[in-house]
Amino acid sequence: MAIRRPHRAPPTAAKEGPRVNEEIRVSEVQYIDAEGANLGTVPIERALELAAEAGLDLVEIAPNSVPPVCKALDFGRYKYQAQKKAAEARKKQKTVEIKEIKMRPNIDTHDYEVKMRSVKRFFEEGDKVKVTLRFRGREMAHQELGVRLLDRVKDETADFAKVESEPRLEGRQMTMVLAPR
């Protein structure tokens, strides 16, 4: 009796990675031996025999070419090296975060300097900075104060940051995004 999938189960996923040995479903392949020598186009049965004699697997390297290119190699070792390479690439990549600095239009000078120090630190770490200016109550009548404050931030960070999105008003908040140079 065959084992059946449950009624609502998703279809079985396709195998990841290159096809190996009997999974290769073509009549002829371009065969490359373990030393990297190209033996030309050979029938799949002969390619499988040659790989087995060398004690290796037949791995499909270029499936889209005509005929497909297959190489004799140790598949376990090949997978391990590919995994290590992927892990190394993940380790080297840096995700750019957007850090947010919140201010008010009538911010005091010392508070402003403290916020600017943290803005500089964020840029040194390679992150983007979103400067948010919050208006409350009657401050909405003096939006020019907010524009002036964001221009001051823009001028002070000009040598190590560029403006990614200009200051714009969204409801009661004015935002500007800066990116490191």
Side-chain angles (χ1 to χ4, degrees), residues 5-20 23-24 36 57 59-65 68-71 73-181:
R5 267 187 322 117
H7 177 64
R8 288 192 178 91
T12 54
K15 184 182 162 286
E16 290 291 312
R19 289 189 281 250
V20 185
E23 294 171 6
I24 303 169
D57 299 306
V59 181
E60 197 174 38
I61 303 297
N64 297 331
S65 63
V69 180
C70 294
K71 186 173 182 178
L73 47 86
D74 182 359
F75 187 63
R77 185 171 180 218
Y78 172 79
K79 267 178 51 177
Y80 173 72
Q81 286 174 337
Q83 208 173 17
K84 263 178 52 174
K85 203 172 174 182
E88 193 68 32
R90 271 196 308 273
K91 196 161 61 173
K92 285 182 181 171
Q93 84 183 26
K94 164 121 177 57
T95 56
V96 177
E97 291 182 37
I98 296 183
K99 304 283 188 170
E100 188 173 20
I101 294 288
K102 293 184 177 180
M103 296 184 186
R104 296 278 310 282
N106 54 354
I107 189 169
D108 194 42
T109 53
H110 181 264
D111 295 334
Y112 175 80
E113 289 164 6
V114 169
K115 300 269 187 188
M116 289 309 291
R117 274 200 300 271
S118 40
V119 165
K120 286 177 183 150
R121 190 181 75 239
F122 293 150
F123 284 131
E124 287 166 3
E125 293 169 3
D127 296 323
K128 292 180 181 182
V129 176
K130 178 180 182 180
V131 182
T132 303
L133 207 59
R134 192 95 181 250
F135 293 100
R136 284 165 135 182
R138 293 186 186 156
E139 291 173 348
M140 282 300 286
H142 301 285
Q143 292 175 15
E144 71 279 354
L145 291 173
V147 172
R148 219 176 301 146
L149 181 64
L150 288 179
D151 285 340
R152 184 174 160 201
V153 171
K154 201 187 308 183
D155 292 340
E156 286 186 25
T157 60
D159 43 320
F160 52 85
K162 61 181 181 277
V163 177
E164 197 168 88
S165 76
E166 290 293 330
R168 68 170 185 265
L169 191 67
E170 297 167 359
R172 291 188 161 275
Q173 291 186 347
M174 193 174 281
T175 59
M176 173 175 71
V177 179
L178 301 167
R181 284 196 188 269

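Residue numbers start at 1 and run along the sequence shown. It should be emphasised that the depicted structure is a prediction, and the values quoted were computed from it without experimental measurement. All values below were derived from every heavy atom in this structure, side-chain atoms included, with hydrogens, water molecules and symmetry-related copies excluded.
Between Gly146 and Leu133 the shortest heavy-atom distance is CA-CD2, 3.1 Å. Of all non-hydrogen atoms in Phe135 and Met140, the two that sit nearest each other are CB-SD, 3.5 Å.
Put simply, the side chain of Leu73 does not reach to within 4.5 Å of the side chain of Asp57, judged on heavy atoms. When side chains are defined from C-beta on, Cys70 does not count as touching Ile61, because their heavy atoms never get closer than 4.5 Å. In this structure the side chain of Leu178 reaches within 4.5 angstrom of the side chain of Val131, judged on heavy atoms. Using a 4.5 Å heavy-atom threshold, the side chains of Met174 and Leu150 count as touching. Between Ile98 and Asp127, the closest side-chain pair of non-hydrogen atoms is not below 4.5 Å. Counting heavy atoms from C-beta outward, Val153 and Val119 have side chains that stay 4.5 Å or more apart.
Annotation: the span from Met176 atom CE to Ile101 atom CD1 amounts to 11.5 Å, rounded to 0.5 Å. To the nearest 0.5 angstrom, Thr157 atom OG1 is 11.5 Å from Lys162 atom NZ.
Residues satisfying the side chain to side chain contact (heavy atoms under 4.5 Å, CB included) criterion with Ala62, sequence neighbours excluded, are Ser65, Val69. For Asp151, the salt bridge (charged side-chain N to carboxylate O under 4.0 Å, His left out) test picks out Lys154, with sequence neighbours left out. In this view, Phe123 and Phe160 satisfy the ring pair (Phe, Tyr, Trp, His ring centres under 6.0 Å) rule, not counting sequence neighbours. When the side chain to side chain contact (heavy atoms under 4.5 Å, CB included) test is applied to Asn64, no partner is found at least two apart in sequence or on another chain. Taking the side chain to side chain contact (heavy atoms under 4.5 Å, CB included) definition, one finds that Leu145 meets it with Pro105, His142, Arg148, sequence neighbours left out. Gln93 pairs by the side chain to side chain contact (heavy atoms under 4.5 Å, CB included) definition with nothing, not counting sequence neighbours. Under the rule for a side chain to side chain donor-acceptor pair (under 3.5 Å), the partners of Thr132 that lie at least two apart in sequence or sit in another chain are Glu100. Residues satisfying the salt bridge (charged side-chain N to carboxylate O under 4.0 Å, His left out) criterion with Glu170, sequence neighbours excluded, are Arg168.
Look at Glu164 and Lys128 and you find a salt bridge, because one of the NZ, NE, NH1 or NH2 atoms lies within 4.0 Å of a carboxylate O, short of that distance.
Pairs of residues two or more places apart, or lying in two chains, never qualify as side-chain hydrogen bond (donor to acceptor under 3.5 Å, both in side chains) while including a residue from residues 172-181. Listed by first and then second residue, the side-chain hydrogen bond (donor to acceptor under 3.5 Å, both in side chains) pairs that reach into residues 105-125 are Tyr112-Glu156, sequence neighbours excluded. Evaluation of the salt bridge (Lys or Arg N to Asp or Glu O under 4.0 Å) test over residues 129-141, restricted to residues two or more places apart or in two chains, returns Arg104-Glu139.
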Identify all side-chain donor-acceptor contacts of residues 74-91 below 3.5 Å with residues at least two apart in sequence or on another chain.
residue: Asp74; atom: OD1; partner: Gly76; partner atom: N; Å: 3.4

